[in-house]
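Structure, as structure tokens:
First listed ligand is number 1; within each ligand, the first listed atom is number 1.
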Amino acid sequence: MSRIQATAPSNIALIKYMGKTSHTENRPSNPSLSWSLNHLTSVVELEATEEPSDRWEPLDQQGYFAPTLSEKGQTRFLDHFQFLKSQLGIEGHFIVRSGNNFPADCGVASSASSFAALTKAAWSWAKANGFEKDMTVEVLSGLSRQGSGSSCRSLFSGWARWEGEGAEECLFPLQNLEHTLVLLDEEKKEVSSSEAHKRVTSSPKFQGRVERATKRLKDLEEALKNSHWKQVYQISLEEFEDMHDLFETSDPPFSYRNQHSRDVTQWVTEFWNSEGDGPVITMDAGANIHLLWRPDQLKLARNFLSSLTDRLPTVRLLHSPGWEKDFRQ
Ligand code: PMV
């Protein structure tokens, strides 16, 4: 066998990884918790080659968009592969191909899913070629972390909690959530997340951040255990606003939020106030809004999203497959 493929999902954190205690090994300042976005995946293919070194190229495969990776991005990806090869006893050289089932302009960072897929592909290659040591998915998650921090949570398909070396899966009664991505800005961000991790420590609000995130994680886990959806919403809202406040009070300050992100956040709050129910809202390091819904909220989601598109006619919405057909325009 000279070729192998693996896929991994993107993920969205409700408690954010923001700030590092080690930038070389991607060690987080605080624990985080995410939900995997199983409809937004990356695939990585490894093909053995006689060429003198590893190289990356975009994957040309139906159903996948070939990404464009800068020189720097390619080096980072191949450096992680080199690290995996040394950890997993992989010899020889490879053409490393990657692709995503979501377009580059859709506001979803592909680093978590692509580094996780690379880690899984390297592991499959090692196993198929006689690597004898057994490794749990948690250990593999720790390896993935060294390439891209948030990728360690993409080794799992539902809730993942990351505290130390790698992430682990968490089981809560709410396991079948639907996801809507509200696309408000599809431009490449000016401040990378690596830079954001460094810059937030200059904010006066970084003081107490680790304690705030740790306490919220504890409260969120309690709310998820008890299916207290409103609390999940309240904690997630506070948490992403905390992260964006850090960005906006850093030295020098930077911001990913725009007027539309602020408006949508406000409309979600008003919706909750009038209906007593609504989506969990969060934002990543970007202007786009992620909404999570319980499966029984289809009617509610329809109401909210139709008033959203009335108010922002140019907005693009991306739904998880469970609901995609229900919202097809
Ligand atoms: O893994 P990185 O370095 O791209 O960090 C991503 C951090 C956030 O996406 C902003 C939050 C998170 O926990 O995913």
Item to check | Pairing of Glu239 and Lys16 as salt bridge, 4.0 angstrom limit | outcome: no

Checklist entry - Going from CG on Asn11 to CG on Leu155, what distance comes out if it is rounded to the nearest 0.5 angstrom? => result 10.0 Å

Checklist entry - Could an N or O of ligand 1 be found under 3.5 Å from any N or O of Arg153, whether backbone or side chain? => result yes

Next on the checklist: Students should be able to answer this: which protein heavy-atom is nearest to atom 9 (O) of ligand 1, and at what distance?
Outcome noted: Asp284 OD1, 2.9 Å

Next on the checklist: When you compare the side chains of Ser144 and Ser151, does any donor N or O come within less than 3.5 Å of an acceptor on the partner?
Outcome noted: yes

Item to check | Minimum-distance protein heavy atom relative to atom 3 (O) of ligand 1 | outcome: His197 NE2, 3.2 Å

Item to check | Protein residue, atom and distance nearest to atom 1 (O) of ligand 1, heavy-atom basis | outcome: Ser150 OG, 2.7 Å

Item to check | Modelled atom types, side-chain donor and acceptor of Ser307 and Asp310, under 3.5 Å | outcome: no

Checklist entry - Do Asp79 and Lys72 sit within salt-bridge range, that is, some charged N less than 4.0 Å from a carboxylate O? => result no

Checklist entry - With backbone taken as N, CA, C and O and side chain as the heavy atoms from C-beta onward, which portion of Ser32 lies under 4.0 Å from ligand 1: side chain, backbone, both, or neither? => result neither

Checklist entry - Will you find, in the side chains of Gln231 and Asp219, an N or O donor that is under 3.5 Å from an N or O acceptor? => result no

Next on the checklist: As an exercise, identify every atom of ligand 1 less than 4.0 angstrom from a heavy atom of Ala13.
Outcome noted: 12 (C), 13 (O), 14 (O)

Checklist entry - Looking only at heavy atoms of Ser148, does any of them come nearer than 4.0 Å to an atom of ligand 1? => result yes

Next on the checklist: Polar contacts were defined as any N/O atom of the residue lying under 3.5 Å from an N/O atom of the ligand; does this apply to Asn11 and ligand 1?
Outcome noted: no

Item to check | Nearest-neighbour protein heavy atom for atom 13 (O) of ligand 1, which is reported as residue plus atom name and distance | outcome: Tyr17 N, 2.9 Å

Item to check | Sub-4.0 Å atoms of ligand 1 with respect to non-hydrogen atoms of Met18 | outcome: 10 (C)

Checklist entry - Starting from atom 4 (O) of ligand 1, which protein heavy atom do you reach first, and at what distance in Å? => result Ser193 OG, 2.8 Å

Checklist entry - Is the charged tip of Arg145 near the ring of Trp162: under 6.0 Å from the six-membered ring centre and within 45° of its axis? => result no

Checklist entry - How about Phe81 and Trp56: are their ring centres within less than 6.0 Å of each other? => result no

